[in-house]
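Side-chain atoms are counted along with the backbone in the values below, which use heavy atoms only and exclude waters and symmetry mates.
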Amino acid sequence: MRGAVRERVALAPYMHLRIGGPADWFLEPFGEEDVALAVRACRERELPLRVLGGGSNVVIADDGVRGAVLHLQSLNRVQRDGNRITAGAGVTLPSLLRAAKEAGLAGLEKLTGIPALLGGAVAMNAGTRDGETFEHLVSLTLVDGDGNVVVHGRDRFRARYRDGGLGDAIVVQATFELVPDDPKAIFERFSASLKKRNASQPVSMRSVGCVFRNPPGDAAGRLIEAAGCKTRRIGGIEVSPMHANYFINDGRGTAAEFIALMHDVQARVRAHAGIELEPEVKFWGF
């Protein structure tokens with residue numbers, strides 16, 4: 001496999017929350033065929049395989065995870081073809097947005113402020129109140145569970161709230177159909193969205209973004225605040241005073257403390273509003 005294969009790699013530095021133990025194996029493939037080879041090798045050896053994107057939506061156990069973790073940061077190429085932009089899974093969303101703006105192609109501004117790699121954003125159909133990743137998607141290049149590189153159109157998948165519906169397939173490349181527009185106008189919308197997000201969410205702090213899904217007809221943050229949970233703390237993990245659906249690590253926190261605070265908040269919201277909050281974040285190694 002072209003790329004790097006390392007043992008017992010600490011995962012905390014790759015996570016926005018900056019907590020979590022090591023992976024038994026850490027794989028950094030160079031290209032699409034290397035991803036496919038890694039999948040086949042893990043399958044043959046019966047090694048559990050997880051894909052790590054930007055680390056913005058995952059909580060990793062303090063003891064780490066068994067098996068292999070696949071990191072796709074080397075798949076970071078962006079190409080334009082007319083009104084279409086194709087990007088690798090390792091491209092950051094801010095880089096993709098800048099490339100689209102410079103090409104005078106609009107539509108992706110709704111993803112402003114999401115600290116993710118493209119592959120992870122597609123897999124979870126990341127989004128904001130303004131829209132989701134799948135809206136302008138036309139095709140995906142994937143590595144399936146058998147280690148084959150395949151290309152499918154968007155219509156093959158039933159994307160829903162925070163789930164691209166990809167199953168065990170791994171995104172290696174995505175193509176978007178966008179709309180020509182003035183780069184200045186695109187930048188203005190981008191800047192306005194970023195300013196609004198920075199004013200209402202602790203985007204510069206160590207967190208995993210929104211911890212809980214919004215229940216139908218309501219907002220998890222509002223429910224958490226109404227239950228008196230803002231600024232509640234367990235150890236180094238605190239419910240953000242800016243946005244109650246964000247948990248902040250002050251630099252001393254652990255995964256165990258994050259889980260304990262999450263359960264405490266769920267219990268208080270349940271007692272106050274009779275609603276069971278469901279986690280939006282993913283958990284590895286628990």
Side-chain angles (χ1 to χ4, degrees), residues 6-27 38-39 42-43 45-72 115-117 119-121 123-126 145 161-170 205-215 220-221 223-224 227 229 232-240 244-270 275-286:
R6 296 186 282 155
E7 292 184 75
R8 300 298 293 173
V9 172
L11 296 177
Y14 293 90
M15 316 306 297
H16 278 262
L17 195 59
R18 295 296 191 270
I19 60 176
D24 289 343
W25 296 94
F26 194 73
L27 314 179
V39 170
C42 289
R43 181 172 180 176
R45 291 162 177 77
E46 298 184 346
L47 278 176
L49 178 64
R50 297 175 173 87
V51 183
L52 177 63
S56 59
N57 193 45
V58 181
V59 177
I60 294 176
D62 296 314
D63 292 334
V65 293
R66 307 288 69 83
V69 170
L70 192 66
H71 194 38
L72 304 181
L117 298 186
M124 68 169 291
N125 192 24
Y161 179 73
R162 301 304 176 263
D163 184 359
L166 306 183
D168 60 358
I170 298 170
M205 307 296 286
R206 297 185 180 109
S207 78
V208 286
C210 289
V211 176
F212 298 105
R213 295 172 180 266
N214 289 327
L223 290 166
I224 295 168
C229 296
R232 283 196 63 79
R233 171 186 288 270
I234 293 181
I237 307 296
E238 179 189 35
V239 178
S240 169
N245 201 15
Y246 281 67
F247 290 5
I248 304 302
N249 176 17
D250 68 5
R252 301 176 294 112
T254 67
E257 292 168 350
F258 186 99
I259 297 297
L261 183 59
M262 187 183 74
H263 288 163
D264 178 65
V265 167
Q266 285 176 308
R268 290 173 181 274
V269 170
R270 187 187 310 119
I275 293 175
E276 186 69 35
L277 292 179
E278 297 180 4
E280 182 172 300
V281 65
K282 309 296 182 184
F283 301 95
W284 290 4
F286 293 95

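Counting only residues at least two apart or on different chains, the salt bridge (charged side-chain N to carboxylate O under 4.0 Å, His left out) pairs with a member in residues 47-72 are Asp24-Arg66.
To the nearest 0.5 angstrom, Met124 atom CE is 6.5 Å from Lys282 atom NZ. Note that the CD1 atom of Ile60 and the CZ atom of Phe286 stand 8.5 Å from one another [nearest 0.5 Å]. The CZ atom of Arg18 lies 11.0 Å from the OG atom of Ser207; values are rounded to the nearest 0.5 Å. Between the CD atom in Gln266 and the CG atom in Leu261 there is a gap of 10.0 Å [rounded to 0.5 Å]. Annotation: the span from Ile237 atom CD1 to Phe247 atom CZ amounts to 9.0 Å, rounded to 0.5 Å. Here the CD-CE distance, from Glu238 to Met205, works out to 8.0 Å after rounding to the nearest 0.5 Å.
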Under 3.5 Å, which donor-acceptor pairs do the side chains of residues 248-255 form with other protein atoms, sequence neighbours left out?
unit_1	atom_1	unit_2	atom_2	d
Asn249	OD1	Gly251	N	2.9
Asn249	OD1	Arg252	N	3.4
Asn249	OD1	Gly253	N	2.8
Asn249	ND2	Leu17	O	2.8
Asp250	OD1	Arg252	N	2.9
Asp250	OD2	Arg233	NH1	2.9
Asp250	OD2	Arg252	NE	3.3
Asp250	OD2	Arg252	NH2	2.7
Thr254	OG1	Glu257	N	3.1

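Nearest heavy-atom pair, Val39 versus Ile170, reported as atom, atom and distance to 0.1 Å: CG2-CD1, 3.6 Å. For the residue pair Ala68 and Leu27, the shortest heavy atom distance occurs at CB-CD1, 4.1 Å. Minimum heavy-atom separation, Gly285 to Ala61: O-CB, 3.5 Å. The minimum heavy-atom distance linking Leu47 with Gly67 is given by the pair CD2-CA, 4.1 Å.
Every residue two or more places apart in sequence or in another chain that forms a side-chain contact (heavy atoms from CB on, under 4.5 Å) with Val9 is listed here: Arg6, Tyr14, Phe26.
Side chains of Pro279 and Met262 form a contact here, defined as non-hydrogen atoms less than 4.5 Å apart. Contact check for Tyr246 versus Cys210: side-chain heavy atoms found under the 4.5 Å cut-off. Leu52 has its side chain within reach of Trp284: a pair of non-hydrogen atoms, C-beta onward, lies under 4.5 Å apart. When side chains are defined from C-beta on, Asp163 does not count as touching Asn125, because their heavy atoms never get closer than 4.5 Å. Two residues are said to be in side-chain contact when any heavy atoms from C-beta on lie closer than 4.5 Å; Leu117 and His71 meet this criterion. Here the side chains of Glu7 and Trp25 are in contact, with some heavy-atom distance below 4.5 Å. By the 4.5 Å heavy-atom criterion applied to side chains, Ile224 and Leu277 are counted as neighbours.
Under the 4.0 Å criterion applied to side-chain N and carboxylate O atoms, Glu276 and Arg270 are assigned as salt-bridge partners.
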Quick one, Leu223 with Phe212, criterion side-chain contact (heavy atoms from CB on, under 4.5 Å). Give me CA distance, side-chain angles, the key distance, then yes/no. CA-CA 11 Å; Leu223 290 166; Phe212 298 105; over 6 Å; no
